S.K.: 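Quick one: the structure is below, and I'll ask about it shortly.
This structure is a prediction, so every number in the text was calculated from the model and none was measured. Both ligands and their constituent atoms are indexed starting at 1 by order of listing.
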Amino acid sequence: MPQSLAPFPKSRPRRLRRTPAIRAMVTENHLSPADFIWPLFVCDGENTRQPVTSMPSVERLSIDLIVEAAKKAQALGIPAICLFPYTDEALKTVECAEAWNPDNLTNRAIRAIKAVVPDIAIMTDIALDPYNANGHDGLVQDGVILNDETNTALVKMALEQARAGADILGPSDMMDGRIGMIRDALEAEGFSDVCILSYSAKYASAFYGPFRDAVGASGALVGDKKTYQINPANGDEALRMIARDLSEGADMVMVKPGMPYLDICYRVKSEFAVPTFAYQVSGEYQMLALALANPDLNGEAMVMESLMAFKRAGCDGILTYFAPLAAEILAK
Ligand code: PBG
């Protein structure tokens, strides 16, 4: 419990807010570029940039430009990037075999980055949606998402990403049992040092819309993801998912989306005291990007305040499309 204050006027809390120097002394949380993981969208081609219309200033980049983005991240002090592929429609099938193609976009990008910027941490996404003719994170049969069959596919996908050189695997699919299966497979194949950052508390959220455009999965998606992602009305359930994934071998955990779920971030960090990340997702980005474009608002200050809120809630880091902008603002 916080120390109770002496009665006024012995206590005047404004004494500690009077000057910038005194305020700096009593600042509880700090934001730095080391707190950020920058999500990047990879597309085919050479020297190719494709604007994501629903996400101002965000572009899909061909692999040569992804390497440049990784260099930029490193120069800004951002320790990690996270790759998402924009897969050619012709490669999307109901079996999703492109997901574990050793030469798919993600795996080629990992190799290209590692060859030039070996020290940046590369995180990946493990889920079938960018490769799925159905747009779902799992295999679909007669409208039903198949759990165990999906896990077998996810393990193949994980191993190819590890072989390509990924440092951190991010299962975002919400199937049951996948963390344990991926961890066992990594151990068996000699990848005992590969980290798992599990999207453990991932909600069935309306805030993912722009992302689905960015990876080209919105057109394909039939129905919703409510049979595998968590009901936004639930909090305890998220804690159970965190406990489950840690017990199966996750090194780090994530809450997603971010700002509407700060209560979950706080509970996770307080309860488990493990490395806890939040994903400030595409819909949150879009709202704040609109604020940035609105001259009536101080958008930059709003972005920075939104990021600090994650630190105050206990997060160790934030996946955010604002990573380079925020790092530049912090460097000023
Ligand atoms: C899917 C995945 C999603 C995001 C990351 N991985 C979308 C979804 O579950 O539909 C969303 C990220 C964002 O909105 O920024 N595996």
Side-chain angles (χ1 to χ4, degrees), residues 36-42 52-60 80-87 92 96 98-99 104-106 123-132 134-140 145 147 150-151 153-154 157-158 161 166 168-175 178-179 182 196-232 238 241 253-261 277-289 303 306-307 310 318-323:
F36 305 141
I37 300 175
W38 184 16
L40 291 165
F41 299 108
V42 194
V52 178
T53 39
S54 54
M55 299 178 73
S57 306
V58 172
E59 297 170 316
R60 302 182 198 112
I81 56 176
C82 182
L83 302 176
F84 294 97
Y86 180 77
T87 306
K92 295 186 185 186
C96 307
E98 182 65 8
N104 69 19
L105 262 181
T106 298
M123 177 174 167
T124 59
D125 191 70
I126 299 183
L128 301 179
D129 52 328
Y131 314 97
N132 198 341
N134 296 293
H136 275 288
D137 292 17
L139 298 168
V140 185
I145 316 299
N147 191 86
T150 298
N151 283 345
L154 297 175
M157 187 176 178
Q161 294 175 350
I168 305 165
L169 306 183
S172 71
D173 54 283
M174 289 298 281
M175 295 301 117
R178 89 279 202 215
I179 299 298
I182 292 170
I196 298 177
L197 198 179
S198 181
Y199 288 62
S200 302
K202 178 169 178 182
Y203 284 85
S205 172
F207 284 85
Y208 305 148
F211 171 94
R212 292 178 190 166
D213 290 342
V215 297
S218 42
L221 184 63
V222 180
D224 55 47
K225 301 191 177 185
K226 291 180 184 170
T227 70
Y228 46 105
Q229 299 177 348
I230 302 174
N231 177 349
M241 296 304 97
V253 294
M254 191 201 296
V255 175
K256 177 181 173 194
M259 262 168 71
Y261 296 84
F277 292 79
Y279 199 144
Q280 185 177 52
V281 300
S282 56
E284 299 174 69
Y285 175 84
Q286 189 187 50
M287 292 193 304
L288 287 163
V303 168
S306 77
L307 295 170
F310 291 107
I318 309 126
L319 285 95
T320 176
Y321 303 98
F322 288 119

S.K.: With Phe84 as reference, evaluate Tyr131, Tyr321, Phe211 under the ring pair (Phe, Tyr, Trp, His ring centres under 6.0 Å) test and give the passing residue.
M.R.: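 So the option named by the test is Phe211.
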S.K.: Run the numbers on Met175 and Ile145 for side-chain contact (heavy atoms from CB on, under 4.5 Å), then give the verdict.
M.R.: CA-CA 9 Å; Met175 295 301 117; Ile145 316 299; 3.7 Å; yes
S.K.: Please verify whether a non-hydrogen atom of Tyr285 lies at under 4.0 Å from ligand 1.
M.R.: no
S.K.: For His136, which of Leu128, Asp173, Leu221, Asp224 qualifies under side-chain contact (heavy atoms from CB on, under 4.5 Å)?
M.R.: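 Between His136 and the candidates, side-chain contact (heavy atoms from CB on, under 4.5 Å) is satisfied uniquely by Leu221.
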S.K.: Please test Ser205 against Lys256 for side-chain contact (heavy atoms from CB on, under 4.5 Å), starting from the C-alpha separation and ending with a verdict.
M.R.: CA-CA 9 Å; Ser205 172; Lys256 177 181 173 194; over 6 Å; no
S.K.: Would you mind listing which atoms of ligand 1 come within a distance below 4.0 Å of any non-hydrogen atom of Asp129?
M.R.: 1 (C), 2 (C), 16 (N)
S.K.: What protein heavy atom sits nearest atom 16 (N) of ligand 1, and how far off is it?
M.R.: Ser172 OG, 2.8 Å
S.K.: Given Tyr208 and Gln229, is the side-chain contact (heavy atoms from CB on, under 4.5 Å) satisfied, shown in steps?
M.R.: CA-CA 12 Å; Tyr208 305 148; Gln229 299 177 348; 3.6 Å; yes
S.K.: Given Gln229, Gln286, Arg212, identify the one with the heavy atom nearest to atom 10 (O) of ligand 1.
M.R.: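 Looking at heavy atoms only, Arg212 sits closest to atom 10 (O) of ligand 1.
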S.K.: Any pair with a residue in residues 196-209 that passes salt bridge (Lys or Arg N to Asp or Glu O under 4.0 Å), sequence neighbours left out, goes on the list, sorted by first then second residue, please.
M.R.: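 Checked against salt bridge (Lys or Arg N to Asp or Glu O under 4.0 Å) - neighbours excluded - the pairs reaching residues 196-209 are Asp137-Lys202.
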S.K.: Nearest to atom 12 (C) of ligand 1, what protein heavy atom do you find, and at what distance?
M.R.: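 Looking at atom 12 (C) of ligand 1, the protein heavy atom closest to it is Phe211 CD1, 3.3 Å.
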S.K.: Answer with side chain, backbone, both or neither: which part of Asp173 has a heavy atom less than 4.0 angstrom from an atom of ligand 1?
M.R.: neither
S.K.: Which of the atoms of ligand 1 are close to Lys256, meaning less than 4.0 Å from one of its heavy atoms?
M.R.: 2 (C), 3 (C), 4 (C), 5 (C), 6 (N), 11 (C), 12 (C)
S.K.: Against heavy atoms of Tyr279, which atoms of ligand 1 measure under 4.0 Å?
M.R.: 12 (C), 15 (O)
S.K.: Which atoms of ligand 1 have any heavy atom of Ala127 under 4.0 Å away?
M.R.: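 So the atoms of ligand 1 that pass are 16 (N).
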S.K.: By ring-ring contact (aromatic ring centres under 6.0 Å, His included), which residues pair with Tyr261, not counting sequence neighbours?
M.R.: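 With sequence neighbours excluded, Tyr261 shows a ring-ring contact (aromatic ring centres under 6.0 Å, His included) to Tyr203, given in chain and number order.
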S.K.: Under 4.0 Å from any heavy atom of Tyr321, which atoms of ligand 1 are there?
M.R.: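 So the atoms of ligand 1 that pass are 12 (C), 13 (C), 15 (O).
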S.K.: Only one of Pro39, Ser57, Ser54 passes side-chain contact (heavy atoms from CB on, under 4.5 Å) with Tyr285; say which it is.
M.R.: Ser57
S.K.: Among all protein heavy atoms, pick the one closest to atom 8 (C) of ligand 1 and tell me residue, atom and distance.
M.R.: Lys225 NZ, 3.2 Å
S.K.: Give me the residue, atom name and distance of the protein heavy atom closest to atom 14 (O) of ligand 1.
M.R.: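 In this structure, atom 14 (O) of ligand 1 has Ser282 OG, 2.7 Å as its nearest protein heavy atom.
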S.K.: Below 4.5 Å, heavy atoms only, C-beta onward: do Thr124 and Met157 meet side chain to side chain?
M.R.: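 Not touching, per the 4.5 Å side-chain cut-off.
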S.K.: What residue and atom, counting heavy atoms only, is the protein's closest point to atom 2 (C) of ligand 1, and at what distance?
M.R.: Lys202 NZ, 3.2 Å
